[in-house]
Structure formats: C-alpha cells, structure tokens
> 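After the structure tokens below, expect a handful of questions from me.
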Amino acid sequence: MIAFVDLKAQYLGIKSEIDAAVSGVLESTQFVLGKEVAAFEEEFAAYSGARLGVAVNSGTSALHLALLAAGVGPGDEVITVPFTFVATTAAICYTGARPVFVDIDPKSLTIDTGRIEGAITDRTKAIMPVHLYGQPADMDQVLEIARRHNLAVIEDAAQAHGAEYKGRRVGSMGDLSCFSFYPGKNLGAYGEGGMVVTNDPERARAIRMLRDWGQERKYHHVLKGYNFRMDGIQGAILRVKLRYLEEWTEARRAHARQYERLLADSNLQTPAEMPYARHVYHVYAVRTEERETLQRKLNESGIQTGIHYPIPVHLQEAYSDLGYGRGDFPCSERVADEVLSLPMYAELREADIETVARRMSDITGGNRTS
Ligand SMILES: *Cc1c(COP(=O)(O)O)cnc(C)c1O
C-alpha cells in the first residue's frame, strides 16, 4: 500500500527529540502558551521573513483574527477565491463581512489577478489570496492593486510554509499572513495550531489580545476576545519540527521533479511551478478528465489519492446564501472536476513514486511517444 500521507514515518524519524520536547512541557506545566510557544513564535516569524508572530489554536483562527485586526467587520467585503479549503471563506463570514469571489488562473491555480479590480466596490476592505497547494499567488499584482485601492492584504498561507515569490518568503509580503499547523500541513503539529505573522506591532498586539479573551492583563478585557491560544505541547513540537522543514521541503520538491519526469509523456497535466515561485508542494495534484476512473483504479492497486477540492466553495450548500451559482467561476469549476492529488510527503520513497507513475501510465494508456 502506498499511503497518501504518512505521519508515522515522520514521527519515527525524530521520535527522541519530540518525546523530549513533550516531556519538557509536562515537567514545566506550561500547558497553554508559555515559553515554548513564545520561542516558536519568534522562530517561525523569522523563518517566514516577518518581524512578529502570534500563535493560535488553528489556521482558521489565524485567518479570523487577522481579518479582525485589519478592521474587517459587518458590511465589509473581502475578495478571495472559491477554489480553496472552506476555512478561507468561513473566516471571512465569522467577522460578519461578505466574501466576494474572483476566479483562479488556470496555470497557477491561485487568484486571477486580472479579475480583482472588477470585484472591488466601496465596501471592499481586504484581499485574501490563497497560496494553494504551496504555490504563491502573483503577489506583485495583488499588492499593487491593494495599494492603489487602499486595501489590506491577508495571505492565506496555510498550505505554503517556506514557499517563495521572487525570492521573498510567503508571510513577508501581505499586511498579515496566516499559517496552519494542522497535522497534515507541511509543518504540522500533533494536534491543532496556527499563526499570524506580520511586521505591524499594533496589529500583532491586537491579535495577541484577541486570542486570549481580549485581555491586556489578567481580567482586564479591552477587546471582545476569544479562547484561541496555542497549547504549550504544540509549540514545543513545532519548534523541533521547524528545524527539519527546509530538508522536508527539498524532499517534496525532489519528489515533484521525479513525478514530473515520469509523467512527462502521459496524457495527464502535471502541476506548473510558476517562474516566480518556489512551490512547496503541500499537494501534488495532476489534472485529467478521467479523474474518477483513475482514482478508482489507483485505489484498487493500493495507491491512495485525494481530491483537493471536489466542490468549489461558491457551489457548497452552506454558502448558497452568497447567491452564486454554477457557471460563475468556470475555471474553479473545471479544475475541481479534474484534480487528483497523488501521494506526497517527505518520507515518500523514489521506488514508490515510480510505482505510482507506472500504474498511472498503464491506466491512462500514457507514455505514448507522440
Ligand atoms: C488548512 C487550511 C486552512 C485552515 O487551517 P486549520 O488549521 O485547519 O484551521 C485555511 N486555509 C487553507 C487554504 C487551508 O488549507
């Protein structure tokens, strides 16, 4: 069997360090926030090229609080994409603002920057590009449009730890950037976790208060806050894992190159790494019109795959009140019908990738020479 992800293999590789880190927190009894979380905030912000980091209990909370810190609230609009994980849209709705969708670019699968200005109204407060699958959105365009219209830019970098745009790290470009440390993400906790990084001390201070009941000091509630704090154990684990992230990212990139090479002659469309990008391949998704058959046959051969995501958010029942319908975002809809995510994690072996690629070529009748 070739698994889609294998969290156990990664744990076994670093078991003694992780176990020691967890024991340290148990001994210290700093179960919520504490010095491990504070150290992780500094280290991860530095890794992402930002001055400040505020750790929270999930990527969704990071998005929610980043929006609040940017002043987004009821009556406002936030521009984002419908082809993303539902959390991007949900976080906008939590603030009382309205998500306004813009279609994706068929090559990068990130926001089609040529369509952003057409979606801006008097109520637009922010743009939230999603660095989908680990590929950065075209940030120069996004930032330039935002500057011209005086909008905040909040990066949804939940899938893109360490990704780069023209040599700049994801997290260093927007006003605020949000990461998830859900276990399956490129940097994953052993539970839930997230972080907002920013260069803006005022906004960082607001988020620090909002994650902890809006307190400036104990029992002095300046803002209407939340319980969105990170666990001490997660902070300690993430500090250990951050030291391996570059190595793991390079392994993912090597796997992507191997897939690309082995599937070059197939009739599958392999993912593009944009010329501006360092793609970190959180997801390695090929495209094919025969997606269902391919997935079924791979599964029969013991090869697990995933679909990220089968239904764009504008067609989800929960968000039907936004008033969108089929045909509104044709590129998102088409891509949602065609993507198939292949096994991808640092510990994946070259032989496994060969097996997957060979089986895919057999199924699709690929490896044709013309
Ligand atoms: C995972 C993810 C989130 C949410 O992160 P959680 O930690 O699961 O709350 C948000 N946006 C995108 C694009 C994601 O992939």
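Each ligand, and each atom within it, is numbered from 1 in the order the structure gives. Residue numbers count from 1 along this sequence.
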> For a salt bridge (Lys or Arg N to Asp or Glu O under 4.0 Å) check, start with the C-alpha distance between Arg261 and Glu350, then their side-chain angles and the critical distance, and finish with the verdict.
CA-CA 12 Å; Arg261 204 162 50 239; Glu350 279 187 27; over 6 Å; no
> What protein heavy atom lies closest to atom 9 (O) of ligand 1? Include the residue and the distance to one decimal.
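For atom 9 (O) of ligand 1, the nearest protein heavy atom is Thr60 OG1, 2.5 Å.
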> Got more than 12 heavy atoms from elsewhere within 6.0 Å of CD, Glu27?
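For Glu27, atom CD is not crowded (no more than 12 foreign heavy atoms under 6.0 Å).
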> Output the list of atoms in ligand 1 that are nearer than 4.0 Å to some heavy atom of Ala87, sorted by atom number.
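Here the atoms of ligand 1 in question are 3 (C), 4 (C), 10 (C).
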> Taking N or O atoms only and a 3.5 Å limit, does Tyr182 qualify as a polar contact for ligand 1?
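In fact, backbone or side chain, Tyr182 has no N or O that close.
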> Please could you name the atoms of ligand 1 that Thr88 approaches to less than 4.0 Å, counting only its heavy atoms?
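Those qualifying, in numeric order: 11 (N).
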> How far is atom 8 (O) of ligand 1 from the closest protein heavy atom, and which atom is that?
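The answer is Ser180 OG, 4.0 Å.
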> Under 3.5 Å, is there a donor on one side chain and an acceptor on the other for Ser301 and Arg359?
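Distance-only check passes for Ser301 and Arg359.
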> Does Arg217 have any salt bridge (charged side-chain N to carboxylate O under 4.0 Å, His left out) partners at least two apart in sequence or in another chain, and if so, which?
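None.
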> Should Tyr244 and Gln10 count as side-chain neighbours, where that means a heavy-atom distance under 4.5 Å?
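No, too far: nothing below the 4.5 Å cut-off.
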> For ligand 1, is there an N or O atom under 3.5 Å from any N or O atom of Glu192?
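N/O-N/O distance under 3.5 Å: no.
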> Could you tell me whether Thr84 and ligand 1 have an N or O pair separated by under 3.5 Å?
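Thr84 vs ligand 1: no N/O contact under 3.5 Å.
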> Applying a strict 4.0 Å limit to heavy atoms, is Lys185 in contact with ligand 1?
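Yes.
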> Is NZ or CZ of Arg169 both nearer than 6.0 Å to the six-membered ring centre of Tyr47 and within 45° of the ring axis?
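Arg169 over Tyr47 ring: yes.
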> So which of Ala157, Ser61, Ala158 gets nearest to atom 12 (C) of ligand 1, if we judge by its closest heavy atom?
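Nearest option to atom 12 (C) of ligand 1, by heavy atoms: Ala158.
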> How far is atom 13 (C) of ligand 1 from its nearest protein heavy atom, and which residue and atom is that?
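Checked against all protein heavy atoms, atom 13 (C) of ligand 1 sits closest to Asp156 OD2, 3.5 Å.
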> Could you note down all residue pairs passing salt bridge (Lys or Arg N to Asp or Glu O under 4.0 Å) where residues 66-84 supplies at least one of them, sequence neighbours left out?
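As it turns out, the salt bridge (Lys or Arg N to Asp or Glu O under 4.0 Å) pairs with a partner in residues 66-84, which skip direct neighbours, are Asp76-Lys125.
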> Would you say Asn227 has more than 12 foreign heavy atoms packed within less than 6.0 Å of its CG?
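Correct, the count exceeds 12.
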> Quick one: do the Thr270 and Glu260 side chains pair a donor with an acceptor below 3.5 Å?
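Side chains of Thr270 and Glu260: pair found under 3.5 Å.
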> To which protein heavy atom is atom 15 (O) of ligand 1 closest, and what is the distance rounded to 0.1 Å?
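Its nearest protein heavy-atom neighbour is Gln159 NE2, 2.8 Å.
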> Going by the atom numbers of ligand 1, which of them fall below 4.0 Å from some non-hydrogen atom of Ser58?
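Counting atoms of ligand 1 from 1, those under 4.0 Å from Ser58 are 7 (O), 9 (O).
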> Any nitrogen or oxygen of Gly59, side chain or backbone, less than 3.5 Å from one on ligand 1?
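N/O-N/O distance under 3.5 Å: yes.
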